Structure formats: structure tokens, C-alpha cells
Amino acid sequence: MKLSVIGCGYLGAVHAAAMASIGHEVVGIDVDQRKIDALSKGEAPFFEPGLQEILTEGITSGNLSFTTDMAAAQGAKVHFVGVGTPQQKDGYAADLTYVNAAIDGLLPYLSEGDIVAGKSTVPVGTAALLAERVDPTGATLVWNPEFLREGWAVKDTIDPDRLVAGVPEGPTGERAAGVLREVYHPAIAKGTPFLVMDRATSELVKVSANAFLATKISFINAMAEIAEVTGADVTKLSEAIGYDERIGRQFLKSGIGFGGGCLPKDIRAFSARAEELGRGESVAFLRQVDEINLRRRERAVQLVVEGLGGSAFKKNVTVLGAAFKPHSDDIRDSPALDVAVRLHGLGAWVTVTDPAALDNARRVHPQLNYVEERDEALRGADAVIVVTEWDDYRRELDPSHAGTLVAGKVIVDGRNTLDAGAWRAAGWTYLGMGRP
Ligand code: UDX
């Protein structure tokens, strides 16, 4: 099928390449000429396993192209909208400028029977407003939220847990759902659930999924706070409650909390939207979820200071990690970098290392010292803190070897990812988050 994808950021670029890889003819459109130039050459604009391969494959086969010209959308049967919905600069609500601009730009090129499928995460009610502009052209506006995780984006797009289609009532909606079924045929044929619902529900599915995940992480981090004053160990607690299938083990990892381009801004936008709807109290807990999350960053800083004997001033601190999670070069709202910046604010000499995110980090926080190589970064440190659980810092970092590089054997485990016993046995002062 001929498809267009408006917006070639994380979501759009992966979606375009993934749709081409399952046999569709796809044009990706973005206003950013540099991004389009890179993608047209088959270069992935960010670190995402598997993306490079399907980009090259799509471009070589002729199934995939990129342009800044919106007119190229004309003739596509489905137009996916995957532009960003960042947090507003002066508030918690989502900034819908890019979504509105994408729809405005697309309108002149829509034909009778086309489907416009929104993928961006938007406040509930957005699709209904956009439909007022799209539906009069004879096209149909549907919502088809995306649940991809960074680091797994290609797999999550081609082979998702579930597909959600928010469609209007009646035959128009049924027809639109049918077209999306064709688009996603390979996944559906493998048994992926395809859930058809109204547009508002589909918008809510996405924000509530992210709100739930954020809540789960803050729940375990709240338990870490209690563990800290009782001598309990939150990692053991997490393991023990996680065996209950109703609770589950995933997203119960305590530490410096969540960050990234989705969870923090999505729970804030959800709170803001609920307030607008007069139901602020229904999701008031999300404010606490956010607060718990931010408190853990401060706690990690406090542990470094404690480890250094009460002050970080003019001490060498090595921060292992900058990305908001491993297998990503994304530093948007990264708890790891936030911890580094806070330590710098206390007068520490902060050295940051990361296998993928250093260029991005350097651009945003030029005040920190960046070192590519892990062992080089560790040399002379008075304290070390692990803030992103890359294998290079957990499995592959030997405490005895690390001990020969540093000036002070103090390690703070900001992700509760190290073997505390092994580090202590090698003579280190080990400090975990919510662990004795
Ligand atoms: C998230 C959702 O998982 C995805 O479904 C949605 O479409 C977009 O937002 P992503 O931002 O890629 O995806 O990151 P995710 O893997 O969810 O991790 C988010 C943050 O939570 C990371 O900073 C991670 O380190 C942290 N985290 C995750 C924890 O602190 N503990 C956990 O147990 C899990």
C-alpha cells in the first residue's frame, strides 16, 4: 500500500522504515532538511538497533523515500502523523503546534477515502478536534497510538504487543479499521490483537499505559524511600512481590527513576488535560508519581555526598551513563544527566562517560567533562556513580580492576544493578538506592 508518514523523528522515521520493510511503499516527510538528507542517504539520525538495516534496505529497494515536500503525500492511501508533542515551555500541557501544522500542511493533498492516522501521543479529545478539519475533505481521521520503546523501536513497530485503532462510528469507521488491518497484515496474521474502539478511548489507552508504567516505577521507588529508613532492601522486596503474577516483575526496578522523551511529559500532559476536563482529582496521584521520581535523583546525589564524607566540593566524581536508559543515545529528561548536573552544581569535578549519548550530552551540558573511554573516565575518581545500566558498567566492570583506577573506592549504584557483595568484597564502599 502507498503510505505517507508525516514527521521523521523517533516515531516517524522508525515507522516509515518499518512499514517499508513489510512491503509498503512509503514516503517520509519532515520540515527538517538535515534530517531528510540523512535519512535519504540511509543514515539513521539516532541510535536505534536494527534501524540502519531497514533504512538501507528500504532505500535500496525503492520502497522508501524521504522529502520535505508535503505534496509527496498526495496519492498515499494512509497518512500517518508521527510528529512530536513536547511539554509546553510554560506549563505541563502538551504543545500541539506540530500536530496542528502537520494536519494543516496535509489537508490540500488529501483525497476522498484517504485515512489520516494519528500516531503521536496527544491529550484525549485532540482527534475529535482534528477530525473537524480532516473529515470534510472526504478523508477519515483515525487514531492509531504507538507504544514503541526506545531501543526496541523496530521490533515494537513490526511486531507489537497489540494494535489499537480509534475510529469514528459507523461504516466510515469500519472501512478505516479495515484499511489499517491491511497495513498491519503481517503482525495481525501472527496473532497480534487488533483492537478497534472510538477515538477518545484510543487516545486514552496510550496516556493511561504510560501513566501506569510511570506509577509502577514510582511505587517501587516510594518503597525504596521506606526501605531507607527501616534497613530493608527494596531489591529483595521487588523480587518477592514481582513473583505475584498480578503484580509482575517488569517496571519494578528501583533507582534514580524514569526519564526520556515520553513518560515524564506524558504524565504531566495527562494531569493538565484532566484539570481542563474538571477531573484533576482523578489523576492527582500522578503529581506524586512525578515528585517521587524527581526525589530519587536528589537522593542519589545525597548518597554521593555521603560517600565522600559530607561534601562533593572539588572532588572528582565519575558518572557512568548519560542516556536516560541503556541502548539509547537519548538524553531527553535523562535522570542520569540530571544527577551529573546536580553534582556539578555542588562544586564537584564531574566526568561523564556513556557508550552512545556523549555527543548529545555535550551539546546540552557543555559545562561537564566528557570522556569516551570508561577506564579513562574512572581514573582518579574520588567517587563513582552508576546512573545508566549499560552492560559496560554492570556485567563488564570488574570491581577489582576498577579499584586500581580510582582514587577513592566509593561506588553509588543509582540503578541497583551491581552485585553489592562483590563490590564490598573488593574493598569498595557500596551505596545502593533503598538498600542497606
Ligand atoms: C516508554 C514506554 O515504555 C513506551 O511504551 C512508550 O511508547 C514510550 O515511553 P521509553 O521512553 O522508550 O518508552 O522508555 P522505557 O523503557 O519505558 O523506560 C523509561 C524510563 O524508566 C527509563 O529512564 C528507565 O530507566 C526507567 N525505568 C524503567 C525504571 O527506572 N525502572 C523500571 O523498572 C523500568
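Numbers here simply count residues along the sequence, with the first being 1. All values derive from a computational prediction rather than experimental measurement. Counting starts at 1 for both ligands and their atoms, following the listed order.
Under the 3.5 Å distance criterion, the side-chain polar atoms of W143 are matched with a main-chain donor or acceptor of S120.
The cationic group of R162 lies under 6.0 Å from the six-membered ring centre of F147 and within 45° of the ring axis, placing it in a cation-pi geometry.
Within 4.0 Å of ligand 1, the residues that place a heavy atom are E146, F147, L148, R149, E150, K206, N210, L213, I217, F251, L252, K253, G257, F258, G259, C262, L263, F324, K325, R415, listed by chain and number.
Note that CG of L252 and CZ of F219 are 8.0 Å apart. Values are rounded to the nearest 0.5 Å.
For S21 against E57, the heavy-atom pair with the smallest separation is CB-OE2, 3.9 Å.
Residues E132 and R199 are not paired through a salt bridge, judged by the lack of any N-O separation under 4.0 Å between the basic side chain and the carboxylate.
Counting only N and O atoms by type, the side chains of N221 and R295 include no donor and acceptor under 3.5 Å apart.
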